[in-house]
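Remarks on the structure that follows.
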Amino acid sequence: MRIADFALERYFARWEFAVKHVLCASDVEGWPMADLLELADDETRAMWSSLRLGYTESTGHPLLRREIATLYETIDADDVLVFAGAEEAIYCLLTTSVGPGDHVIVTFPGYQSLYEVARAAGAQVSLHLLREEDGWSLDVDRLVRSFRPETRIVVVNAPHNPTGMLPSDEEWRRLAAACAQAGVRLVADEVYRFLEHDGAAALPAGADLDERAISIGVMSKSFAMAGLRIGWLATRDRTVLDGCARLKDYTTICSSAPSEVLALIGLRARDRVLARSRQIVGANLAVLDEFFARRADAFTWVRPSGGSTGFPRLVPDGPAGASADRLAERLVEATGVLLLPSSTFGFDDAHFRIGLGRTDLRQAIEKVDAFLA
Ligand SMILES: Cc1ncc(COP(=O)(O)O)c(C=O)c1O
């Protein structure tokens with residue numbers, strides 16, 4: 001299979017571990033292992049201390065699948081398939097679901113694998129453009145108008161990376177209903193679910209809205225445990241999971257045994273885990289609101305409604321310049337602060353992603369301030 005380079009991941013491969021401040025990460029600051037183990041209950045503590053490092057069940061540890069299922073209203077443990085991160089889930093799902101002659105619609109700008117894997121599988125891909133002038137909102141009517149007879153899948157990432165878009169409950173249900181009526185499968189990339197800002201309600205999970213819809217989840221973002229590399233698909237359509245399981249035999253076969261137990265600990269303690277993430281993201285959002293209000297000469301800021309990223313734009317002729325590539329290059333050289341220019345999303349050269357999940361955001365923003373001064 002030939003597939004285009006993943007531009008964002010290539011950029012991170014170059015910079016992520018070479019800079020002082022990653023001001024553009026999409027994950028939340030990783031949990032310290034020792035703190036996580038303190039959240040274990042009697043059962044998971046015993047599982048951890050007696051863990052044997054053999055192969056694990058290829059569908060995922062039964063207790064982990066059962067715990068993941070509790071994140072949904074209509075999902076049983078057998079409706080869950082565990083993967084090495086959301087990335088493997090996306091790869092297996094799109095590779096096995098579409099091919100030549102099929103049409104797929106994907107929100108854009110966005111996480112590249114959501115459309116690139118479908119393209120590499122031979123499908124025709126239409127990108128559903130989120131427009132800044134509409135506050136990056138999901139235009140359900142325009143999206144539904146782009147359905148074709150051969151449309152198989154609509155992929156929506158919400159809360160959205162990089163814009164922080166979160167549809168309203170009404171829009172989300174309307175889209176799910178339109179997909180169901182047209183026989184189009186809704187794939188909901190919900191890796192930022194539970195990070196809704198300012199009391200915005202979490203949307204119903206895609207998998208709960210229709211029996212053919214699929215939810216993608218992961219421990220990396222809201223649960224702040226990217227290093228576990230545990231993600232999943234949840235759907236009542238078990239034929240899809242069966243197809244994915246057959247491809248997974250050629251990718252990772254099964255999950256990492258320690259990671260499964262640690263993910264189970266994290267999910268069982270999710271109130272504590274999510275409260276920490278929301279606290280970090282909320283505090284950072286306040287810093288950014290203040291910064292962007294003060295530096296409106298340089299940036300425009302559509303405040304994200306959910307997730308752990310935002311997507312500011314450079315003001316033409318402003319003090320930060322008009323090229324996000326150039327700004328990112330100069331900033332990282334001068335200060336060690338990393339931004340993610342919108343060219344890595346194949347979008348334009350006027351935006352950049354900013355990450356809300358890291359605990360050094362305030363220091364990084366101080367450096368950006370000093371740089372602009
Ligand atoms: C929208 C979206 N989906 C999936 C992923 C993949 O998650 P992971 O790297 O944890 O597999 C990401 C990661 O940035 C993402 O932003």
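First listed ligand is number 1; within each ligand, the first listed atom is number 1. Start at 1 with the first residue, then count along the sequence. None of the values given here were measured: they were computed from a predicted structure.
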Which ligand 1 atoms, with their elements, are less than 4.0 angstrom from a heavy-atom of [X]?
X    : value
V191 : 1 (C), 2 (C), 3 (N), 15 (C)
G85  : 11 (O)
V218 : 10 (O)
Y192 : 1 (C), 14 (O), 15 (C), 16 (O)
S220 : 8 (P), 10 (O)
S26  : 14 (O)

Below 30° counts as parallel, above 60° as perpendicular, anything between as tilted: where do the rings of W232 and F223 land? tilted
Are side-chain N/O atoms of H61 and T56 paired as donor and acceptor at under 3.5 Å? no
Side chains of N161 and S26 only: does a donor on one sit below 3.5 Å from an acceptor on the other? no
Any nitrogen or oxygen of A86, main chain or side chain, under 3.5 Å from a nitrogen or oxygen of ligand 1? yes
Below 3.5 Å, N or O to N or O, backbone or side chain included: is there any such pair between N157 and ligand 1? no
For [atom], what's the nearest protein heavy-atom neighbour? Residue, atom name and distance, please.
atom                   : result
atom 6 (C) of ligand 1 : Y111 OH, 3.5 Å
atom 2 (C) of ligand 1 : D189 OD2, 3.3 Å
atom 9 (O) of ligand 1 : R229 NH2, 3.3 Å

R268/E67 under salt bridge (charged side-chain N to carboxylate O under 4.0 Å, His left out): CA gap, chis, key distance, verdict: CA-CA 7 Å; R268 283 189 176 173; E67 198 60 37; 3.6 Å; yes
Any heavy atom of K221 under 4.0 Å from ligand 1? The part involved is side chain
Region of I90 engaging ligand 1 - heavy atom pairs below 4.0 Å: side chain
Considering only NZ, NE, NH1 and NH2 on the basic side and carboxylate oxygens on the acidic side, decide whether E366 and R362 come within less than 4.0 Å. no
Decide if atom CG of D317 counts as having more than 12 heavy atoms of other residues, nucleotides or ligands within a radius under 6.0 Å. no
Measure from the side-chain N and O atoms of T95 to the backbone N and O of C92, and report whether any donor-acceptor pair falls under 3.5 Å. no
With distance as the sole test, does R65 use its side chain to make a donor-acceptor pair with the main-chain N or O of V80 at under 3.5 Å? yes
For the residue pair F291 and F299, is the inter-centroid distance of their aromatic rings smaller than 6.0 Å? yes
